[in-house]
*Asks:* 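Pasting a structure below so you can have a look.
All residue numbers refer to positions in the sequence shown, counting from 1.
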Amino acid sequence: MKIAVLISGGVDSAVTVDRLYRQGHDLHLFYIRIGMDNDEGDCAAEEDIEICTLIAKKYALPFDVVSLHEEYWEYVMQYVLRTVKEGLTPHPDIMCNKIIKFGFFEQRWGKNFDKTATGHYAKVLEKDGRYWLATAPDPVKDQTDFLAQISYDQLSHILFPLGDMTKEEVREAARNANLPNASRKDSQGICFLGKIDYSDFLERQIGTKTGPVIEIETGKKIGEHKGYWFYTIGQRKGLGLGGGPWFVVRKNIRDNVIYVSHGYETRLQYGRSIAMDEVDWITVDPFDYDGFEKEERGGLKVSFKTRHTPEFLCGVLRKSAESGYVLESDKDVQGIAPGQYCIVYTPDRKVCLGSGMIVKSKESKRNGK
């Protein structure tokens, strides 16, 4: 099979190359360069490319560096800035996979190959004549939540060779293959920022605007912040308040006010109802599919995540005239942040069905929160 392999310089994509090479496929390696020439973003590209070049030479494979600078800025960075200005919490990794890796790359280069392979921890399952996005066996490393906005056409053209491996097994495979990055640390944070701090990036792009930090129970001002766009619902670190823990529980965008509550057990940082809009189902609309269990009122029994975590929550998803869908969780959910994505899975947690953007409640909208 003729396969385009997206490599990053990390151990995961290197082991992806090794596995596919050993299986006898015809491989062409690609590195997507997205750091901006004006230093707005930098993924430590030079070091990454050097390692990718070593991998290509080791297996005598063709290797190209392709640029998607402008596309990343226009479609991902601008999405991040627009979202935070609206007081919401963006998810750039989801957008990068959907728009850049499996969007523009596929349209320009990947289309010339039978498949495109990446080092994501996920699986493509074939069942009932369809492709499904399935979870990896390593719950800590599973990345289906970052892939939950891809389309069915995109999924149909993807290979995830690490889908049946744990991180430990990947490291061992890298050592056994004498890969040059077998011990290289995994990258952390948001890729497009590289070594740039996220708050510094927002300050450079949006600026600052001083506003009050209010204890929501008492209405007392207990500090100041430098702009609501630096904070997200559920945030605890970086508030600069003594006597913590303090959690961000609400934002008033109109008046640039951050509301906080004290203590780990405050009920204000939890909720059970998650309103969702712009929901995209990857393979089928589960409400139209007989293979999924419905409850008495027509709701769909699901498991879900609202952030990148090994843990799943369970609940019932229903259609809503107000927002599109509402997910009622069986347990309390900490820090439900509008703008983030709620990732929906089958109850057995084996298949990722799709995702929807978490939206504000009617009450929050009326109060300008």
Side-chain angles (χ1 to χ4, degrees), residues 75-76 78-99 102-103 133 144-152 154-155 228-229 231-234 248-254 270-289 292 294-295 297-309 312-330 332-346 351-369:
Y75 292 96
V76 179
Q78 291 300 326
Y79 148 77
V80 169
L81 295 175
R82 181 180 68 253
T83 302
V84 296
K85 285 178 183 177
E86 293 171 357
L88 307 176
T89 302
H91 202 317
D93 294 309
I94 279 184
M95 290 297 107
C96 179
N97 285 322
K98 177 180 181 177
I99 298 172
F102 305 122
L133 177 62
T144 51
D145 51 333
F146 295 144
L147 298 161
Q149 276 280 304
I150 63 175
S151 69
Y152 184 76
Q154 289 173 330
L155 180 67
Y228 65 80
W229 46 88
Y231 306 90
T232 187
I233 302 300
V248 176
V249 295
R250 188 177 297 170
K251 298 192 290 185
N252 184 323
I253 308 309
R254 182 186 58 213
Y270 296 95
R272 289 202 175 189
S273 182
I274 303 172
M276 300 161 56
D277 199 357
E278 301 179 24
V279 175
D280 286 307
W281 303 119
I282 299 172
T283 302
V284 296
D285 183 333
F287 286 89
D288 298 332
Y289 186 68
F292 298 133
K294 313 290 195 307
E295 48 98 65
R297 294 168 53 193
L300 189 72
K301 293 184 178 181
V302 298
S303 57
F304 69 96
K305 295 180 181 182
T306 58
R307 52 179 46 84
H308 184 58
T309 171
F312 290 83
L313 295 170
C314 296
V316 176
L317 182 67
R318 297 186 178 91
K319 292 185 177 181
S320 165
E322 177 188 338
S323 64
Y325 294 86
V326 171
L327 201 160
E328 297 291 345
S329 176
D330 293 347
D332 291 336
V333 183
Q334 191 266 341
I336 300 172
Q340 273 285 20
Y341 281 86
C342 180
I343 318 301
V344 182
Y345 297 80
T346 51
V351 173
C352 178
L353 299 173
S355 61
M357 184 180 290
I358 299 172
V359 295
K360 300 177 183 179
S361 66
K362 264 184 176 179
E363 180 182 357
S364 293
K365 290 178 181 178
R366 282 197 301 268
N367 294 331
K369 305 298 193 303

*Asks:* So, do C352 and L147 sit near enough that their side-chain heavy atoms are less than 4.5 Å apart?
*Replies:* no
*Asks:* To the nearest 0.5 Å, what is the distance between NE2 (H308) and OG1 (T144)?
*Replies:* 9.0 Å
*Asks:* Roughly how far, to the nearest 0.5 Å, is the CD1 atom of I282 from the CG atom of L133?
*Replies:* 4.5 Å
*Asks:* Kindly determine whether R272 and D332 satisfy side-chain contact (heavy atoms from CB on, under 4.5 Å), including the steps that lead there.
*Replies:* CA-CA 5 Å; R272 289 202 175 189; D332 291 336; 2.9 Å; yes
*Asks:* Quick one, I343 and F146 - any side-chain contact, counting heavy atoms below 4.5 Å?
*Replies:* no
*Asks:* Find out whether Y79 and I99 are in side-chain contact, i.e. whether some heavy atom of one side chain is under 4.5 Å from a heavy atom of the other.
*Replies:* no
*Asks:* Out of M276, H91, Q149, which one pairs with S355 under the side-chain contact (heavy atoms from CB on, under 4.5 Å) rule?
*Replies:* Q149
*Asks:* Would you call F304 and L317 a side-chain contact if the rule is heavy atoms closer than 4.5 Å?
*Replies:* no
*Asks:* Could you walk me through whether T89 and I233 pass side-chain contact (heavy atoms from CB on, under 4.5 Å), step by step?
*Replies:* CA-CA 8 Å; T89 302; I233 302 300; 5.8 Å; no
*Asks:* Should I336 and T306 count as side-chain neighbours, where that means a heavy-atom distance under 4.5 Å?
*Replies:* no
*Asks:* For a side-chain contact (heavy atoms from CB on, under 4.5 Å) check, start with the C-alpha distance between W229 and K85, then their side-chain angles and the critical distance, and finish with the verdict.
*Replies:* CA-CA 6 Å; W229 46 88; K85 285 178 183 177; 5.9 Å; no
*Asks:* Considering all heavy atoms of both residues, which atom of Y231 and which atom of V248 are nearest to each other, and what is their separation?
*Replies:* CB-CG2, 4.4 Å
*Asks:* Do K305 side-chain atoms and D145 backbone N/O form a donor-acceptor pair below 3.5 Å?
*Replies:* no
*Asks:* Please name the pair of heavy atoms, one in G315 and one in L327, separated by the smallest distance, quoted to 0.1 Å.
*Replies:* CA-CD2, 4.2 Å
*Asks:* Mark yes or no: K301 above the aromatic ring of F292, with NZ or CZ under 6.0 Å from the six-membered ring centre and no more than 45 degrees from the axis.
*Replies:* no
*Asks:* Roughly how far, to the nearest 0.5 Å, is CG of D277 from CD1 of I358?
*Replies:* 12.0 Å
*Asks:* Rounded to the nearest 0.5 Å, how far does OH of Y341 lie from CG of D93?
*Replies:* 12.0 Å
*Asks:* Where do Y228 and K251 come nearest, in terms of heavy atoms and distance?
*Replies:* O-NZ, 3.6 Å
*Asks:* As an exercise, state the distance from OG1 of T83 to CE of M357, rounded to the nearest 0.5 Å.
*Replies:* 6.0 Å
*Asks:* Could you check whether any side-chain N or O of S303 sits under 3.5 Å from a backbone N or O of T346, counting only pairs where one atom can act as donor and the other as acceptor?
*Replies:* yes
*Asks:* Which heavy atom of I253 sits nearest a heavy atom of G87, and at what distance?
*Replies:* CD1-CA, 3.5 Å
*Asks:* Taking atom types as modelled, is there a side-chain donor on Y289 or T283 under 3.5 Å from an acceptor on the other?
*Replies:* no
*Asks:* In this structure, is the centre-to-centre distance between the rings of W281 and Y325 below 6.0 Å?
*Replies:* yes
*Asks:* Please check if atom OH in Y75 has more than 12 non-hydrogen atoms from other residues, nucleotides or ligands closer than 6.0 Å.
*Replies:* no
*Asks:* If you define the side chain from C-beta out and look only at heavy atoms, does anything of R307 sit under 4.5 Å from Q340?
*Replies:* no
*Asks:* Quick check: closest heavy atoms across Q154 and K98, and the distance to 0.1 Å?
*Replies:* NE2-O, 3.0 Å
*Asks:* Mind listing the closest non-hydrogen atom pair of S273 and E328 along with its distance?
*Replies:* OG-OE2, 3.2 Å
